[in-house]
Amino acid sequence: MKQQVKKKDLIAQRAQDFAMSQPALLAVLAMCIFGGFAFGPTFLSYENNLSNVLRQASLMGIAAIGVNFLFLIGARDLSIGATTALCGMIVAKLSPYGFWISILAALAVGAAIGIMNGLIITKLKVQPFIATLGTQLGIRGLALLMNNELSLPLADEAEVLRFIGRGYVFGEFLPMPAAIFIALILISIFITRNTSFGRSLYAIGGSEEAAAMMGVRVDRSKTLAFMISGIAGAIAGIIVTGRLAAAQPGAGTGWEMTIMAAIVIGGTRVRGGVGKIEGVFFGVMFVGLISNLINLNGTISAFWQNIITGTILLLAVLLQSHMEQKKEA
C-alpha cells in the first residue's frame with residue numbers, strides 16, 4: 001500500500017515538474033484543443049490553416065533563435081526588428097545582381113550590426129537594453145531612408161528568393177520558412193549543447209565573474225552571441241522579403257517585445273543561465289495560434305493577442321520564480 005502511494009506521489013511530482021519546465025508546450029496543446037472545439041475542421045486543417053500558422057510563426061521564430069542566445073547570457077536585443085527590415089531592404093536592392101550577392105550582403109550587414117552591438121556593450125560598458133535601443137533607432141532610420149520610406153520590390157528574376165519565402169519542401173507539406181526555422185533550431189541545439197562556446201553562454205548567464213575565473217573569454221562570447229542575433233535577424237529579413245516579394249522598411253516593427261515574450265514562455269530564464277533553444281518553437285507557435293484563433297473568430301479585437309500573451313508571460317515568469325525558490329529550498 002505504501003509503495004502504491006509513493007508511486008502515485010512520484011508520478012504526480014514528475015507531472016508537476018514537466019508542467020513547470022514545459023509551459024509553452026502545454027500552452028500550445030491547450031490552444032490546439034480549444035481551437036479544435038471552437039472551429040473544428042477550419043482550425044484543424046493543416047493544409048488550409050495550420051501550415052500558414054507555422055509559416056508565419058517561423059518568420060518571427062528565426063529572429064527569436066538569435067535573441068534566445070542573448071537571453072542565455074542575460075542580455076537583450078531591441079534592434080532585432082530593425083535589423084530584419086534593413087537586411088530585407090538590402091536583399092531587395094541587390095536582387096537584380098544575383099541571389100548570392102544579395103544574400104551574402106544582407107548576412108554581412110546583419111553580422112556587422114550584431115558585432116557593433118556587442119562591442120558597444122563589452123568595450124563601452126553600455127547596458128544591452130540601452131545600447132540596442134539606440135542602434136534600433138538608427139537602423140530603422142536607415143531602412144526608411146533607403147527608398148524614401150517606400151517598399152522595394154524584388155527583381156523579376158529573383159525566383160529563388162520568392163521560393164524561400166513562399167515555397168514548400170517535401171511536396172506541399174512543409175513551408176520553406178518552417179524548414180529553415182527547424183534546421184536553425186537543430187543547429188543551435190548542437191551549438192549550445194556540444195561546443196565550448198555554447199557552454200560559455202550558460203556560464204556567463206549563471207555568473208559572469210565565475211565564468212571569467214573559469215577561463216571563459218566573456219567579451220568574445222558576448223560579441224559572438226550578438227553577432228548570431230544579427231545574422232538571425234538578417235535571415236528573417238531575407239525570408240520576409242521573399243514572402244512578400246518586396247522589402248518593407250517597417251518590417252519587424254513590434255517584434256522585439258513579442259519575441260522576448262515567446263522566449264520566456266518557451267522556458268528560457270529571464271536572468272540568463274537556463275534555457276533550451278527548442279522552447280523558442282513552442283513559444284512562437286503559441287503566439288501565432290493566439291493570432292490565428294482571433295482571426296478565425298472575426299469579432300474579437302486583435303489587441304486581445306497582446307493581453308493574452310502578456311498574461312501567459314507573467315505566468316511563465318512566476319513559474320520560473322517558483323522553480324528557482326524550490327531549488328534553493
I'd like to know whether CD of Gln127 has more than 12 heavy-atom contacts from other residues, nucleotides or ligands below 6.0 angstrom.
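For Gln127, atom CD is not crowded (no more than 12 foreign heavy atoms under 6.0 Å).
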Are more than 12 heavy atoms, taken from residues, nucleotides or ligands other than Asp156, located less than 6.0 Å from that residue's CG atom?
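No, CG of Asp156 has 12 or fewer neighbouring heavy atoms, counting only those of other groups under 6.0 Å.
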Least distance between heavy atoms, [X] atom then [Y] atom:
| X | Y | value |
| --- | --- | --- |
| Leu59 | Trp255 | O-CH2, 3.7 Å |
| Ala82 | Ile139 | O-CG2, 3.4 Å |
| Ile259 | Ala63 | CD1-CB, 3.8 Å |
| Ile294 | Ser301 | CG2-O, 3.9 Å |
| Leu107 | Ile235 | CD2-CG1, 3.7 Å |
| Pro128 | Ile121 | CA-CD1, 3.6 Å |

Under the ring pair (Phe, Tyr, Trp, His ring centres under 6.0 Å) rule, what pairs show up with a residue in residues 162-184, not counting sequence neighbours?
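Sorted result for residues 162-184: Tyr46-Phe173, Phe181-Phe281.
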Would a distance-only check, ignoring hydrogens and angles, find a side-chain to backbone donor-acceptor pair under 3.5 Å from [X] to [Y]?
| X | Y | value |
| --- | --- | --- |
| Arg55 | Gly165 | yes |
| Ser95 | Ala155 | yes |
| Ser58 | Gly61 | no |
| Asn148 | Leu150 | no |
| Arg76 | Phe129 | no |
| Gln136 | Leu78 | yes |
| Ser45 | Pro41 | no |
| Thr84 | Gly233 | yes |
| Thr135 | Thr132 | yes |
| Thr253 | Gly250 | yes |

Less than 4.5 Å apart, side chain to side chain, heavy atoms only: is that true for [X] and [Y]?
| X | Y | result |
| --- | --- | --- |
| Leu72 | Val274 | no |
| Pro177 | Ile164 | no |
| Thr42 | Asn49 | no |
| Lys93 | Met146 | yes |
| Met227 | Leu224 | yes |
| Gln56 | Arg243 | yes |
| Met260 | Phe71 | yes |
| Ser229 | Ile80 | yes |

Full working for side chain to side chain contact (heavy atoms under 4.5 Å, CB included) between Phe69 and Leu201
CA-CA 8 Å; Phe69 273 85; Leu201 298 180; 3.4 Å; yes
I'd like to know whether Thr192 forms a side chain to side chain contact (heavy atoms under 4.5 Å, CB included) with Lys276, so could you lay out the CA-CA distance, the side-chain angles of the two residues, the decisive distance to 0.1 Å, and finally the verdict.
CA-CA 9 Å; Thr192 53; Lys276 296 179 179 180; over 6 Å; no
Under 3.5 Å side-chain donor-acceptor pair for Asn117 and Ser79
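Asn117 vs Ser79: donor-acceptor pair found between side chains.
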Could you pull out all residues at least two apart from Asn68 that satisfy side chain to side chain donor-acceptor pair (under 3.5 Å)?
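Partners of Asn68 by the side chain to side chain donor-acceptor pair (under 3.5 Å) criterion, ordered by chain and then number, come out as Thr268.
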How far does [atom1] of [X] sit from [atom2] of [Y], to the nearest 0.5 angstrom?
| X | Y | atom1 | atom2 | answer |
| --- | --- | --- | --- | --- |
| Leu142 | Leu137 | CG | CG | 11.5 Å |
| Ile191 | Ser196 | CD1 | OG | 11.0 Å |
| Ile265 | Met285 | CD1 | CE | 13.5 Å |
| Leu94 | Ile103 | CG | CD1 | 10.5 Å |
| Thr223 | Ile120 | OG1 | CD1 | 10.5 Å |
| Ile204 | Ile73 | CD1 | CD1 | 6.0 Å |

[X] and [Y]: same hydrophobic cluster, using ILVMFWY side-chain contacts below 4.5 Å?
| X | Y | value |
| --- | --- | --- |
| Ile113 | Ile130 | no |
| Val160 | Val240 | yes |
| Trp100 | Ile90 | no |
| Val109 | Ile228 | no |
| Leu144 | Leu152 | no |

With sequence neighbours excluded, what pairs up with Phe37 under the side chain to side chain contact (heavy atoms under 4.5 Å, CB included) test?
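Partners of Phe37 by the side chain to side chain contact (heavy atoms under 4.5 Å, CB included) criterion, ordered by chain and then number, come out as Ile33.
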Which residues pass the side chain to side chain contact (heavy atoms under 4.5 Å, CB included) test with Met31, sequence neighbours left out?
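Residues passing side chain to side chain contact (heavy atoms under 4.5 Å, CB included) with Met31: Phe286, Leu289, Ile290, Leu293.
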I would like to know whether Thr241 and Leu161 meet side chain to side chain contact (heavy atoms under 4.5 Å, CB included); could you show each step before the answer?
CA-CA 8 Å; Thr241 301; Leu161 287 170; over 6 Å; no
One pair to check against side chain to side chain contact (heavy atoms under 4.5 Å, CB included): Met176 and Arg166. What are the steps and the verdict?
CA-CA 7 Å; Met176 190 63 185; Arg166 300 176 176 180; over 6 Å; no
Scan for salt bridge (Lys or Arg N to Asp or Glu O under 4.0 Å) pairs involving residues 188-217, sequence neighbours excluded, and state none if there are none.
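Passing the test, one end in residues 188-217: Arg193-Glu278, Glu208-Lys222.
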For Glu157, salt bridge (Lys or Arg N to Asp or Glu O under 4.0 Å) partners two or more places apart
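Glu157: no salt bridge (Lys or Arg N to Asp or Glu O under 4.0 Å) contacts found.
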